[in-house]
Student: 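Pasting a structure here, questions to come.
Note that these values count all heavy atoms, side chains included, but never hydrogens, waters or copies made by symmetry. Chain identifiers are assigned alphabetically (A, B, ...) following the order of the sequence lines, protein sequences preceding nucleic acid strands; residue numbering begins at 1 within each chain.
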Amino acid sequence: MQPRSRLAHSRPSEATGKSMGTRQFDPYFSHWADIAARRVLDAHPDTDPIVVAAGITPSGVVHIGNFREVMTVDLVARALRDQGVPVRFIYSWDDFDVFRKVPADAPQKKMLEENLRRSVADVPDPYGRTDSYASHHIERFEASLVPLGIEPEFIRQSRRYRAGHYAHGIRRALEKADLIRSVLDQYRKEPLPGDWLPLAGFCGACGRDEVDFSWDGEWSVTLSCRDCGETTAVDLREGGDVKLPWRIDWPMRWAFEGVCFEPGGKDHSSAGGSFDTAKQIVGPVYGGVAPEYVAYDFVRLKGLGGKISSSSGGVVTVADCLRVYEPEMLRWIFASQRPNSEFQISFDLDVIKLYEDYDRAVALAYQPDDGSRKDKKRQIVRRTIELSSVVPKRIEAGDRPTRVPSFRPLSMILQIHDGDVERALAHYESRGEVETPAERERFRVRARCVWNWILDFAPEEFRYRIRSTPSPKPLEGEARAVLERLVGILEENPEITESELISHLKTLCDDTDLTPRDFYPFAYDLLIARPKGPKLSTLLTTMGAERALPLLRAGLG
RNA sequence: GGGCGCGUAGCUCAAUUGGCAGAGCAAGUGGCUCUUAACCACUAGGUUCGGGGUUCGAUUCCCCGCGCGCUCACCA
């Protein structure tokens, strides 16, 4: 059966992949996002476009854990599009949610406390920049997605509800209240009361959510505020401060948008969790089907030296991560982990290892297949790298990756240049290691990340600065004699290359009782005020004789 | 109490829908007269938690047990 003819660039394996009931290994479908995409297509063979959805409550700083939801959907959306399928990616901001708790680090705590129990869309922005508390967090998060190439269609649920978009959905829930109640009661410790209505909302006068509801059996809902005593009538068709509780809201919106794929955090995913009840509600109440589902695990944090994020309490945002990780790497970190596995985002020395792992993966991805057993691994890595690209792309035979320096040497070169990205770039260009415009751009992105890491997270032994004023302490004895030789070498040949310098360094201590190991600490102390440092030959040639000589001569008194 | 996930080399994890159990780091050996968790080459390292089952073949699938973690039983 040929389910659809929309394979824009159909692959040979599409034609031959199924035979005798077994499916050949197809590297293009090796990734979990590809497998999820295929599941979606199997379940929705005639849907066009395929709707994929993510959603978050902006009840506080939107952090890197929340990001996993968006990233998961983006990867599946990418996988679907790579099969030539039109995709609509909607991102639902559940900003019609109750403001329950003032974050520990928020400004204007008193103002915020006075706004508890109101909708986060109605609480003022304590930072005074946007029209609401919700908008503040929403705007920051949306902006942080741009460098990652994630461009969903954002939907503010507060506006949808208030505009009456969901009138039929709410009415349908009211009509089926008994059914919904019985679904929910299966898992509740305390059954819902017999007169329970599937409604939530905010008082029209004070804006708080401590309201009782009544329904006239048609389009009119009345809210009675337990707080201020006010009574508000809402015509569902016109919209107002009435919404469905989360467990009903979710399936209603599945049906409304025709969602084909939506992941959920593990808190939604267990038996009796909101996905479980939602999928029991969506059919009988809304005549819809539950989307294909992926449960994702949490993201943990590691190695925070206390300097991340304006917000305390270990909240790390996407923007925080992008200070240290290149956009492709951040995508890669999520793309290379299965969604149902928990992992850590690290800011300590793991960062170096991750950069090395990533560079290795890129190198492997661009290696041509050679028919050996390693091809499988290459293909999987290649697909993961493709999905990690900010701009969608295929890696074809003969493609070359954009060159970029390794993290560790770059961190050294940057420090020698006091964090000046352009001077460090000039250094790499002079060695022919950065040449094209693409390489220059790539270099700048990585260099900024490296420098941010040095500033915020590198352990002390990793950091150094070249002395701005020469050491006041001259050397004595043989150390001084060796230093004189070194100064002589640099004076004689200020443009000395690193390899030339190495051959000199090997004989530097000849005819003395010192070994290089004994002498180097003196040199490092003169240059960077520390007993150890980057490989001396690299340090001297990179900083240049012009800069090194005054510091070294200080050791001669 | 229900559900989900995990358990593989000293550590962190892979293993492509069942087909020779692999990487990185750590360790050991050799090399580079020495450099930030240096680099290169090589070596070693495993009863895949335990016990059954299905299969020509199980890390993978099924059942039982043990251990660990998370989650729902309030709200979202």
Side-chain angles (χ1 to χ4, degrees), chain A residues 22-32 34-35 38-39 55-59 94 96-101 120 184-190 192 200 209 243-250 264-277 295-298 300 302 336-344 346 348-354 356-357 360-361 364 373-381 383-384 406 408-409 411-412 415 458-464 502-503 505-510 515-521 523-524 528 530-539:
Chain A
T22 60
R23 189 173 287 157
Q24 288 178 354
F25 173 77
D26 181 343
Y28 203 72
F29 294 116
S30 60
H31 192 271
W32 60 259
D34 294 315
I35 293 164
R38 168 163 286 183
R39 237 175 59 214
I56 293 173
T57 297
S59 55
D94 295 333
F96 213 23
D97 191 18
V98 184
F99 184 50
R100 290 187 183 75
K101 197 178 159 195
V120 289
L184 299 183
D185 277 349
Q186 295 174 92
Y187 308 101
R188 293 178 64 92
K189 189 189 277 179
E190 298 280 329
L192 292 161
D209 76 330
K243 62 167 186 168
L244 294 172
W246 162 248
R247 282 180 185 253
I248 302 105
D249 170 72
W250 203 15
K266 60 194 299 181
D267 49 337
H268 297 298
S269 309
S270 61
S274 55
F275 182 77
D276 194 16
T277 53
Y296 58 88
D297 209 319
F298 298 138
R300 295 185 179 280
K302 184 175 175 232
S336 57
Q337 307 274 344
R338 282 191 308 272
N340 65 356
S341 70
E342 174 184 305
F343 70 93
Q344 298 181 330
S346 301
D348 58 10
L349 286 163
D350 282 354
V351 172
I352 300 176
K353 177 174 160 28
L354 269 173
E356 288 173 353
D357 286 350
R360 226 191 316 265
L364 189 62
R373 237 179 6 169
K374 208 173 178 186
D375 282 358
K376 286 183 176 180
K377 183 167 190 174
R378 258 194 289 264
Q379 287 159 356
I380 289 168
V381 169
R383 181 61 182 146
T384 306
S406 296
R408 187 194 303 273
S411 77
M412 191 180 78
Q415 291 190 81
E460 197 49 43
E461 66 268 21
F462 217 91
R463 304 157 70 159
Y464 57 86
I502 286 175
S503 60
L505 290 179
K506 286 179 182 175
T507 58
L508 202 62
C509 295
D510 289 0
T515 66
R517 193 183 287 278
D518 299 325
F519 172 70
Y520 283 172
Y524 285 121
I528 58 175
R530 295 178 43 149
K532 292 175 72 175
K535 193 171 172 182
L536 194 58
S537 54
T538 310
L539 178 60

Student: List the atom of A:Ile56, the atom of A:Pro58, and the distance in Å for their closest heavy-atom pair.
Tutor: O-CD, 3.5 Å
Student: What is the separation between atom CD1 on A:Ile352 and atom C1' on B:G24, rounded to the nearest whole Å?
Tutor: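 Roughly 15 Å, once rounded to whole Å.
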Student: What does B:G69 pair with, Watson-Crick or G-U, if both distances are under 3.5 Å?
Tutor: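 Partner of B:G69: B:C4.
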Student: Expressed in whole Å, how much space separates the P atoms belonging to B:G65 and B:C70?
Tutor: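 My reading of the P atoms in B:G65 and B:C70 gives 22 Å.
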Student: Quick one: A:Arg408 CZ to B:C25 P, roughly how many Å, whole number?
Tutor: 10 Å
Student: Considering only the P atoms, how many Å lie between B:G28 and B:C63, rounded to the nearest integer?
Tutor: 45 Å
Student: Check the distance between B:A73's P and A:Asp276's CG and give it to me in whole angstrom.
Tutor: 11 Å
Student: Could you tell me how far B:C32 sits from B:A44 if I compare only their P atoms? Round to whole Å.
Tutor: 23 Å
Student: Please determine, for the side chain of A:Thr57, which listed nucleotide (B:A73, B:A76, B:C70) has the closest atom?
Tutor: B:A76
Student: What is the distance, to the nearest angstrom, from the CD atom on A:Glu190 to the P atom on B:C74?
Tutor: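 It works out to 7 Å between those atoms.
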Student: Which whole number of Å gives the distance between the P atom of B:U71 and that of B:G18?
Tutor: 31 Å
Student: Paired with B:U43: which nucleotide, if any, by Watson-Crick or G-U wobble criteria at under 3.5 Å for both distances?
Tutor: B:A27
Student: Strictly below 4.0 Å: does A:Arg338 bring a side-chain N or O up to OP1 or OP2 of B:U16?
Tutor: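 Checking B:U16 against A:Arg338, no side-chain N or O comes under 4.0 Å of OP1 or OP2.
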Student: In the structure shown, which nucleotide is the Watson-Crick or G-U wobble counterpart of B:U54, with both distances under 3.5 Å?
Tutor: none
Student: When you measure from the side-chain N and O atoms of A:Arg188 to the phosphate of B:C75, is any distance below 4.0 Å, counting only OP1 and OP2?
Tutor: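 It does, given that an N or O in the side chain of A:Arg188 lies less than 4.0 Å from OP1 or OP2 of B:C75.
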Student: Could you tell me how far B:U59 sits from B:C49 if I compare only their C1' atoms? Round to whole Å.
Tutor: 12 Å
Student: Nearest-nucleotide wise, let me know which of A:Ala271 and A:Lys243 is further upstream toward the 5' end of RNA chain B.
Tutor: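 Its nucleotide being nearer the 5' end, the pick is A:Ala271.
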Student: Could you report the tightest heavy-atom contact between A:Trp250 and A:Ser274, atom names first, then the distance?
Tutor: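 Heavy atoms of A:Trp250 and A:Ser274 come nearest at CZ3-OG, 3.7 Å.
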Student: Looking only at atom C1', what distance separates B:A37 and B:G5, rounded to whole Å?
Tutor: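 Taking atom C1' in both B:A37 and B:G5, they lie 31 Å apart.
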Student: How long is the line joining CH2 of A:Trp32 and C1' of B:U16, in whole Å?
Tutor: 16 Å
Student: Rounded to the Å, how far apart are A:Asp297 CG and B:C70 P?
Tutor: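 Checked: the CG to P distance equals 10 Å.
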Student: Out of B:A73, B:G2, B:A76, which has the shortest distance to the side chain of A:Ser270?
Tutor: B:G2
Student: Show the nearest heavy-atom pair for residues A:Arg530 and A:Tyr464, with the distance to one decimal.
Tutor: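 A:Arg530 and A:Tyr464 have their closest heavy atoms at CD-CB, 4.1 Å.
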Student: Keeping A:Asp297 on the side-chain end and A:Lys266 on the backbone end, is there a donor-acceptor pair under 3.5 Å?
Tutor: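 Answer holds: no.
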Student: Please tell me which of A:Ser269 and A:Tyr524 maps to the more 5' nucleotide of RNA chain B, matching each residue to the nucleotide holding its nearest heavy atom.
Tutor: A:Ser269
Student: Within the structure provided, determine whether A:Tyr296 and A:Gln337 are in side-chain contact (heavy-atom separation under 4.5 Å).
Tutor: no
Student: What interatomic distance, in whole Å, is found between C1' of B:A58 and the corresponding atom of B:A41?
Tutor: 36 Å
Student: Look through every strand shown and name the nucleotide pairing with B:C32 as Watson-Crick or G-U wobble, where both distances are under 3.5 Å.
Tutor: none
Student: Would you call A:Thr57 and A:Trp246 a side-chain contact if the rule is heavy atoms closer than 4.5 Å?
Tutor: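 Answer no - side chains too far apart.
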Student: If B:U59 has a Watson-Crick or G-U wobble mate with both distances under 3.5 Å, name it; if not, just say none.
Tutor: none
Student: Nearest whole angstrom, please: distance from the P of B:U12 to the CG of A:Leu354.
Tutor: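 Spelled out: CG on A:Leu354 to P on B:U12 is 16 Å.
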Student: Of the nucleotides B:G69, B:A73, B:G2, which one has an atom closest to the side chain of A:Lys266?
Tutor: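 In terms of side-chain proximity for A:Lys266, the closest of B:G69, B:A73, B:G2 is B:G69.
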Student: Between B:A21 and B:U48, how far is it from one C1' atom to the other, in whole Å?
Tutor: 8 Å
Student: Side chains of A:Leu539 and A:Tyr524: does their closest heavy-atom pair fall under 4.5 Å?
Tutor: yes
Student: Rounded to whole Å, how long is the line connecting atom NE2 of A:His268 with atom C1' of B:C75?
Tutor: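 Spelled out: NE2 on A:His268 to C1' on B:C75 is 11 Å.
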